[in-house]
2 protein chains.
Amino acid sequence: MAETRELTKNQALVFGVLSKADGPLSAYSMLDQLREHGFRAPLQVYRALEKLVEFGLVHRLESINSFVACTHPHDHSHGLIAFAICETCGAVDEFSDEIVEQRLTGWSRNNNFQLAKTTIEMRGVCANCSSA
Amino acid sequence: MAETRELTKNQALVFGVLSKADGPLSAYSMLDQLREHGFRAPLQVYRALEKLVEFGLVHRLESINSFVACTHPHDHSHGLIAFAICETCGAVDEFSDEIVEQRLTGWSRNNNFQLAKTTIEMRGVCANCSSA
DNA sequence: ACCTATAATGTAATAACATAACGATCAGGA
DNA sequence: TCCTGATCGTTATGTTATTACATTATAGGT
Ligand SMILES: [Zn+2]
Ligand SMILES: [Zn+2]
Ligand SMILES: [Zn+2]
Ligand SMILES: [Zn+2]
């Protein structure tokens, strides 16, 4: 389906920065990169990010207060996603696991917990970094 | 084996506030509660929290920048823990799931990812709040 | 074209969360 | 006692995120 969406100027600028980056970025580092394009205030970044996250183009990494471009750009319909974040180089690996999702939704059902959003973030050292 | 540990004065004060609370607290709200006991600066809270987390008595909830007393006070040896956080009342339910842990450690092994720490946080509405 | 409603933007100020740096103090072991 | 490592107090600063309010662009209906 991969419905193409028209991004606004600010959204496109923020998404561009995030897409060119080789890892997650903080909102303020994006702001710094975008000052030459006229950005003046954090809100310009945060507002764009809010929409991009809503569109599924960007993910927020709660454990490191940063944002990363989705690595599955042609399938924005993903359900539960897990992230593996390298603490050495910053690389982020994004994956889904059906079993994990089943276990967590199962727990929620059993406990009458109305699940809205799940965060799974693993931190460690990636293959590249640990082989070096 | 629940080894008893001697907490310092500041650690005991912070742990006391967190234990009496019925949900997670931010470091700054703990600071406010502890001003009458002589606390003056955020670091006094953050330093105590750092140790309490290390001891396994307190958990940090990354997705809401808060801290919560462990609900399994007699077993600080837990491996992977998942949290269900009610966005209405703030209640936190802490649980472990062996299968989820196996899937995530399995992924890490398959991808040569040296896993150091995993965060699993579910946000939604708890049974109490959704029945009310 | 005109009106209107919604979404997006600009800007300043502030709130909320967290750490750096430095020196003082305390506790236990050689 | 002397040394060492952990804890503590304090100030300042760094980092992340939101509130508030005014303005401008966009899309539809008449
Ligand atoms: Zn994605
Ligand atoms: Zn790496
Ligand atoms: Zn626990
Ligand atoms: Zn609740």
Side-chain angles (χ1 to χ4, degrees), chain A residues 3-18 21 23-55 57-68 85 87 90 92 117 119 121 123, chain B residues 3-18 21 23-55 57-68 85 87 90 92 117 119 121 123:
Chain A
E3 146 198 8
T4 293
R5 194 182 297 267
E6 216 50 56
L7 298 181
T8 67
K9 180 177 161 234
N10 285 4
Q11 288 162 13
L13 285 168
V14 169
F15 187 57
V17 165
L18 217 35
L25 297 177
S26 74
Y28 276 77
S29 81
M30 291 183 243
L31 174 57
D32 286 341
Q33 293 188 48
L34 288 169
R35 286 194 192 280
E36 54 193 286
H37 295 279
F39 275 44
R40 315 288 303 273
L43 209 48
Q44 296 177 288
V45 177
Y46 281 108
R47 286 203 275 230
L49 287 171
E50 182 183 22
K51 288 298 178 184
L52 293 169
V53 168
E54 186 182 316
F55 300 158
L57 294 171
V58 167
H59 300 295
R60 176 187 195 125
L61 300 175
E62 316 263 15
S63 66
I64 57 173
N65 296 317
S66 295
F67 301 84
V68 69
I85 305 167
E87 292 179 311
V92 174
K117 184 173 192 308
T119 296
E121 296 178 16
R123 270 152 297 158
Chain B
E3 148 198 8
T4 293
R5 195 182 297 266
E6 216 49 57
L7 297 182
T8 68
K9 181 177 160 233
N10 284 3
Q11 289 162 12
L13 285 167
V14 168
F15 187 56
V17 165
L18 217 36
L25 296 177
S26 75
Y28 275 76
S29 79
M30 291 183 245
L31 173 58
D32 286 341
Q33 293 188 47
L34 289 169
R35 286 194 192 281
E36 52 192 288
H37 293 279
F39 274 45
R40 315 287 304 272
L43 253 194
Q44 296 177 287
V45 177
Y46 281 108
R47 286 203 274 229
L49 286 170
E50 182 182 22
K51 288 299 179 183
L52 293 169
V53 168
E54 186 181 316
F55 299 159
L57 295 171
V58 166
H59 300 296
R60 176 187 194 123
L61 300 175
E62 316 262 16
S63 65
I64 57 173
N65 295 318
S66 296
F67 301 83
V68 69
I85 305 167
E87 290 179 312
V92 174
K117 184 174 192 308
T119 296
E121 297 179 16
R123 270 151 300 157

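Below, chain A is the first sequence line, B the second, and so on; all start at residue 1. Any value given below was found using the heavy atoms of this structure, including those in side chains, with hydrogens, waters and symmetry copies removed. Small disclaimer: the values here were computed from a predicted structure and weren't measured.
- Closest approach to the A/Pro42 side chain among C/dT11, D/dT16, D/dA17 is made by D/dA17 (side chain taken as heavy atoms from C-beta onward).
- Distance check: A/Leu57 CG to A/His59 NE2 gives 8.5 Å after rounding to the nearest 0.5 Å.
- For the OP1/OP2 pair of C/dG10 and a distance below 4.0 Å, the side-chain nitrogens and oxygens of A/Asn10 include at least one atom meeting the criterion.
- If you measure from atom CD of B/Glu50 to atom C1' of C/dA20, you get 13 Å, rounded to the nearest angstrom.
- Look at CD on A/Gln11: it is 13 Å from P on C/dA7, rounded to the nearest Å.
- Salt bridge A/Arg47/A/Glu50: absent, no basic N to carboxylate O contact under 4.0 Å.
- For B/Asn65 and D/dT16, the shortest distance from a side-chain N or O to OP1 or OP2 is not below 4.0 Å.
- For A/Met30 and D/dT15, the CE to C1' distance is 14 Å, given to the nearest whole Å.
- Comparing B/Phe39 and A/Arg60, the nucleotide of DNA chain D nearest to each residue sits closer to the 5' end for B/Phe39.
- Taking 4.0 angstrom as the limit, B/Lys51 places a side-chain polar atom (N or O) nearer than this to OP1 or OP2 of D/dT7.
- Taking each heavy atom of B/Pro42 and B/Leu31 in turn, the nearest pair found is N-CD2, 3.8 Å.
- Of the two residues contacting DNA chain D, namely A/Ser29 and B/Arg47, the nearest-nucleotide position lying further toward the 5' end is that of B/Arg47.
- Each of B/Ser66 and A/Lys9 was assigned the nucleotide of DNA chain C with the nearest heavy atom; the assignment lying further toward the 5' end belongs to A/Lys9.
- The pair B/Glu87-A/Lys117 does not count as a salt bridge, with every side-chain nitrogen at least 4.0 angstrom from each carboxylate oxygen.
- By the 4.5 Å heavy-atom criterion applied to side chains, A/Phe55 and A/Lys51 are counted as neighbours.
- Nearest to the side chain of A/Leu43, among D/dT18, D/dT10, D/dT16, sits D/dT18.
- Here B/Thr8 does not reach the OP1 or OP2 of D/dT7: none of its side-chain N or O atoms lies under 4.0 Å away.
- If you check every strand for non-hydrogen atoms under 4.0 Å, B/Ala41 touches a base.
- For B/Leu13 and D/dG9, the CG to P distance is 10 Å, given to the nearest whole Å.
- For B/Tyr28 against C/dA18, a side-chain N or O and a base N or O form a donor-acceptor pair under 3.5 Å.
- If you take CD of A/Glu54 and P of C/dA7, they are 10 Å apart, rounded to a whole angstrom.
- With D/dT7, D/dG9, D/dA17 as the choices, the nucleotide that has an atom nearest any side-chain atom of B/Gln44 turns out to be D/dG9.
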